[in-house]
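As C-alpha cells, the structure follows; a few thoughts come after it.
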Amino acid sequence: MRYSEFFINTLKEEPSDWQIESYSLCLRSGLIRKIASGIYAFMPLGFRVLKKIENIVRQEMDRAGAIEMLMPAMQPADLWIKSERWFEYGPEMFRLKDRSERSFCLGPTHEELITYLAFLDIKSYKELPVNLYQIQVKFRDEIRPRYGILRAREFIMKDAYSFSANEEDLDTIYNKMYECYSRILDRLNLKYFAVEADTGLIGGKYSHEFIILSNNGEDQLVYCPSCGFSANYEMAGFARADEKSQDSSVEIKLSEVFTPGTTNIKSLSEFLKVPADLIIKTMLLKDGQGTTIAVLLRGDKELNLVKCEKFIGKKLELLSESDPAGNLSIGFLGPVNLDSSIAVVADYSIKGKKNLVAGANKQDYHLTGVNYPRDFKVFQWGDFSFPAIGDLCMNCKNELKFEKGIEIGHIFKLGTRYSEKMDAMFLDKDGKLKPFIMGCYGIGVSRIMAAVVEQLFDEKGIVWPISIAPFLVNLIAINMEDESIFKASEDIYSCMLNNKIDVLYDERNVRAGVKFKDSDLIGIPLKVIVGKNYIENKKLEIETRKDGSKLSLSLEEALQFIKDYKIKNII
RNA sequence: CGGGGUGUAGCGCAGCUUGGUUAGCGCGCCUGCUUUGGGAGCAGGAGGCCGGUGGUUCAAAUCCACUCACCCCGACCA
C-alpha cells in the first residue's frame, strides 16, 4: 500500500480527553476517531487491525468446530419479554420503537435470538451438539463509558452459543472454547489469566473470565502463585490467616454507650478509640419478597453482595437508609436483641473474636463487650466478604496475590435457563421433549484492540504484535527528491509486492524524521530504509520496532529476513 | 442519577475577572523558495455566526437565565 493512496492521519499533539495511554495512542495514531461518548469510528488503519483480530478469532473458532453466522443487531422486544429480560436488563439496553409503535432493542447480547432460532430449526438430538457464532456490533448504554474503545457503548464482539442434548457435550464444547480463547490470546502475545467468575445478568451456573493484565483494568483478580488458582475478586473464596485463632480474652460485661452521630465504622472507631476489626458491621439485605436478612461482618471488611446472593440463592438489595420499620438509622443496628423476624448470617471474619462493639438497635447507642454466642445467635456462618492482602489460597494455603486487568472474554455454561423460558425443545433419544442445554462464549473484538495497545506500547508509540499489526513492513525512502533513491525504493516496493509482503510504502515527500516518528507511533513491526547506503553499497537498513535493533542487508537478505521474522514471531 | 469541570479554526490552548480595535498563539493545512537519516527554515496564505437559545446593554466570546454536548469523581457499605 502506498502511503499517499492510503488514509492515515496521525496527531502530533495529545488529544484533550484521553484518560489512559492506550486510548491516547489509538487516537494519536489515527486508529479510531470519537463520534460521541462511547461511540467510535474505526479509521482505515484501525480497521485493518480490527480485521486481523477478527480473522484470528474466526480461524480459532472454526478450528474449534464452531459455525459462523450473522444475526440482526436490532431485535424485537417480544423475544426479550419471553425470556423476562426485557424488564430485568434495565437502562443499559438501548430501546426503540418503529413507526407503528412496536418495541425493539439494539442487541446488548443475543441469547434470546439464537434460542429462538434453535427453536425454529433444531428438532432432534441428531442435530446436536452445535456451536454457532457471529462477529457483531453490540450496544450497551454503559453507566459511564470510558477509556475509549475499552468501554464503549457500541462495540464489536464475537459471541458463540452452543446447544447440546446432555451435560457431557456441553462440557466438551466448554473446554474447547476455553482452549480456543487461550490460543487466541496467545496469538496476540497477551498476558492473561483465565479466572473463575460470576455469571452476572446473563445467568447460568459456571463460567470463566479471560482477563488481560493491565494496571488500568477495571476488573480485579486474585491468584495463587504456588498452585495456579485464580479467580475473579468478587467470586474468590479464600482461607483466612487468623481463621483458627481463638481470642482468649476474658469476656467482659455487655454495656451500652452513648455514641451520637456515629453512623459509620470510621466515625465509630474514632469516637470509641476501638480498631475497626473489633467492630461488628451489621448490614441489612432485602429479597424480592420483602424478607430481611442481616449480615454481620468485621468492621474493616466490605460486604460482597455477589457471595450473599449465591449463599441465599436470591437476588438481594441492600437497605441503606434505615431498618425496615423506618425508625432506626442503619448505623446503630446490631445483632443483639435484633428484631426476631430478621435472619442473621455472619461472615467468618468475626468468628472467634471477643469483646466486640456493635450497634445497640437504639438510636445513637452502641454496645461494647459483645460476645458470641453469649449475646446473640447466628443462623449460619459463611463467606460474605472480599479477600484482602494476607488472605490465603483455599487449596494450598499460600498467600494470595492481587492484580488488575481487563476482561476480554467470558465463557458460560448456561444450562436450560433460556431454552426453558423460550420453549426451545428437541426430541431426545428416549422420545421425550427436552430443553436445549446451552453455553455461551463471548470475546470482545474491539476491546482486544485497545487491550493490546494497553499492554504493548513504549514512549514512542504502539508496538503491535506481528499477528495484528496493520502492516508488517514500513518501507521508507529517505529522500524522494533524490532520483536514485526514488527509483530504487519504487523497485523495492514492487519487489515486496511480488513477494506478497504486507508493506506500507511511505513515499511522501517529507523529511525522514517525520516518517520515522509516524512509523514508530503507528507501531509497524519492521522499518526498511532506503538511503545513500543502498545507492552506494546496495545495503538496506532494517530496524525492528520491538527493540530498535538495526541490520544492514542486501535486498535478497532483507526479503528473507522479513519472511523469517514473520514466521518466528507468529504462533 | 448525585457532585465537579470544560465548550473559542481540523487538533491543543490564550482572551472572559473589570463588556468597547479587524478575536489571538502553537501544531496541522495550502503556495513558493531553500532544506533532506529522527516531527526543518524563510516568506506568503486559507480557515471562526467564540456550543445553542433567550435576555441585560448604545455595545456581549466576555454579564445573566435556560439548554445541549463532552470530560472527571461517585453511585455497595453502616
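Chain letters run A, B, ... following the sequence lines, proteins first, then strands; residues in each count from 1.
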Any side-chain N or O of [X] under 4.0 Å from OP1/OP2 of [N]?
X: A:Ser37; N: B:A69; result: no
X: A:Lys12; N: B:G28; result: yes
X: A:Arg144; N: B:C72; result: yes
X: A:Lys34; N: B:C71; result: yes

Does the structure show a Watson-Crick or G-U wobble partner for [N], both distances under 3.5 Å? Name it, or say none.
N: B:A65; answer: B:U53
N: B:C76; answer: none
N: B:U17; answer: none
N: B:C42; answer: B:G32
N: B:C70; answer: B:G5

Answer yes if the side chains of [X] and [Y] hold a donor-acceptor pair under 3.5 Å, and no otherwise.
X: A:Asn216; Y: A:Ser214; answer: no
X: A:Glu507; Y: A:Tyr493; answer: no
X: A:Asn509; Y: A:Glu481; answer: yes

Could you measure between the two [atom1] atoms, the one in [N] and the one in [M], and give it in whole Å?
N: B:U57; M: B:C64; atom1: C1'; answer: 12 Å
N: B:G24; M: B:G48; atom1: P; answer: 14 Å
N: B:G4; M: B:G44; atom1: C1'; answer: 46 Å
N: B:A60; M: B:C77; atom1: P; answer: 49 Å
N: B:C49; M: B:U62; atom1: P; answer: 15 Å
N: B:U35; M: B:C42; atom1: C1'; answer: 11 Å
N: B:U67; M: B:G28; atom1: C1'; answer: 33 Å
N: B:G45; M: B:A9; atom1: C1'; answer: 14 Å

Is the NZ atom of A:Lys539 crowded by more than 12 outside heavy atoms at less than 6.0 Å?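 Yes, the 6.0 Å shell around NZ holds more than 12 heavy atoms from other groups.
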Ring centres of A:Phe238 and A:Tyr348 under 6.0 Å apart?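 No; A:Tyr348 has its ring centre 6.0 Å or more from that of A:Phe238.
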Rounded to the Å, how far apart are [X] [atom1] and [N] [atom2]?
X: A:Phe7; N: B:C29; atom1: CZ; atom2: C1'; result: 14 Å
X: A:Arg508; N: B:A40; atom1: CZ; atom2: P; result: 11 Å
X: A:Asp347; N: B:C77; atom1: CG; atom2: C1'; result: 14 Å
X: A:Leu27; N: B:C71; atom1: CG; atom2: P; result: 11 Å
X: A:Ile280; N: B:C77; atom1: CD1; atom2: C1'; result: 16 Å
X: A:Ile20; N: B:C73; atom1: CD1; atom2: P; result: 11 Å
X: A:Gln220; N: B:C76; atom1: CD; atom2: P; result: 16 Å
X: A:Glu142; N: B:C1; atom1: CD; atom2: P; result: 17 Å

What's A:Ile143 touching, base or sugar-phosphate or nothing? Going by heavy atoms closer than 4.0 Å.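 Here A:Ile143 touches the bases of the nucleic acid.
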Any base atoms under 4.0 Å from A:Asn9, or only sugar-phosphate, or nothing? Heavy atoms, all strands.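 Counting heavy atoms under 4.0 Å across all strands, no contact is made by A:Asn9.
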Passing candidate, side-chain contact (heavy atoms from CB on, under 4.5 Å) with A:Leu278, options A:Lys354, A:Arg298, A:Lys353: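 Going through A:Lys354, A:Arg298, A:Lys353 one by one, the side-chain contact (heavy atoms from CB on, under 4.5 Å) with A:Leu278 is satisfied by A:Lys353 alone.
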Check A:Glu490, A:Glu5, A:Met496 against A:Tyr505 for a side-chain contact (heavy atoms from CB on, under 4.5 Å) and give me the one that passes.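 By the side-chain contact (heavy atoms from CB on, under 4.5 Å) criterion, A:Tyr505 pairs with just one of A:Glu490, A:Glu5, A:Met496: A:Glu490.
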For nucleotides 31-38 of chain B, give me every protein contact, N/O to N/O, under 3.5 Å, one pair per line with atom names.
{"unit_1": "B:U35", "atom_1": "O2'", "unit_2": "A:Arg511", "atom_2": "NH2", "d": "3.3"}
{"unit_1": "B:U36", "atom_1": "O2'", "unit_2": "A:Asn479", "atom_2": "ND2", "d": "3.2"}
{"unit_1": "B:U36", "atom_1": "O4", "unit_2": "A:Glu481", "atom_2": "OE1", "d": "3.0"}
{"unit_1": "B:G37", "atom_1": "N1", "unit_2": "A:Glu541", "atom_2": "OE1", "d": "3.1"}
{"unit_1": "B:G37", "atom_1": "N2", "unit_2": "A:Glu541", "atom_2": "OE1", "d": "2.8"}
{"unit_1": "B:G37", "atom_1": "N2", "unit_2": "A:Glu541", "atom_2": "OE2", "d": "2.6"}
{"unit_1": "B:G38", "atom_1": "O6", "unit_2": "A:Glu543", "atom_2": "OE1", "d": "2.7"}
{"unit_1": "B:G38", "atom_1": "O6", "unit_2": "A:Glu543", "atom_2": "OE2", "d": "3.3"}
{"unit_1": "B:G38", "atom_1": "N1", "unit_2": "A:Asp520", "atom_2": "OD2", "d": "3.3"}
{"unit_1": "B:G38", "atom_1": "N2", "unit_2": "A:Asp520", "atom_2": "OD2", "d": "2.1"}

Residue closer to the 5' end of RNA chain B, A:Ile35 versus A:Glu302 (nearest nucleotide):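 By nearest-heavy-atom nucleotide position, the 5'-most residue is A:Ile35.
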Parallel, tilted or perpendicular, as decided by the 30° and 60° cut-offs, for the rings of A:Tyr365 and A:Phe258: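 A:Phe258 and A:Tyr365: tilted rings.
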Mind telling me whether A:Tyr23 and A:Tyr40 have parallel, tilted or perpendicular rings, with 30° and 60° as the class edges?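 Answer is perpendicular, since the angle exceeds 60°.
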Evaluate the side-chain proximity of [Y] to [X]: yes if any heavy-atom separation is below 4.5 Å, no if none is.
X: A:Asp502; Y: A:Arg48; result: yes
X: A:Ser446; Y: A:Leu50; result: yes
X: A:Val49; Y: A:Phe42; result: no

Report, one pair per line, the protein and nucleotides 9-16 of chain B atoms (nitrogen or oxygen only) whose separation is under 3.5 Å.
{"unit_1": "B:G12", "atom_1": "OP1", "unit_2": "A:Ser16", "atom_2": "N", "d": "3.3"}
{"unit_1": "B:G12", "atom_1": "OP1", "unit_2": "A:Ser16", "atom_2": "OG", "d": "3.0"}

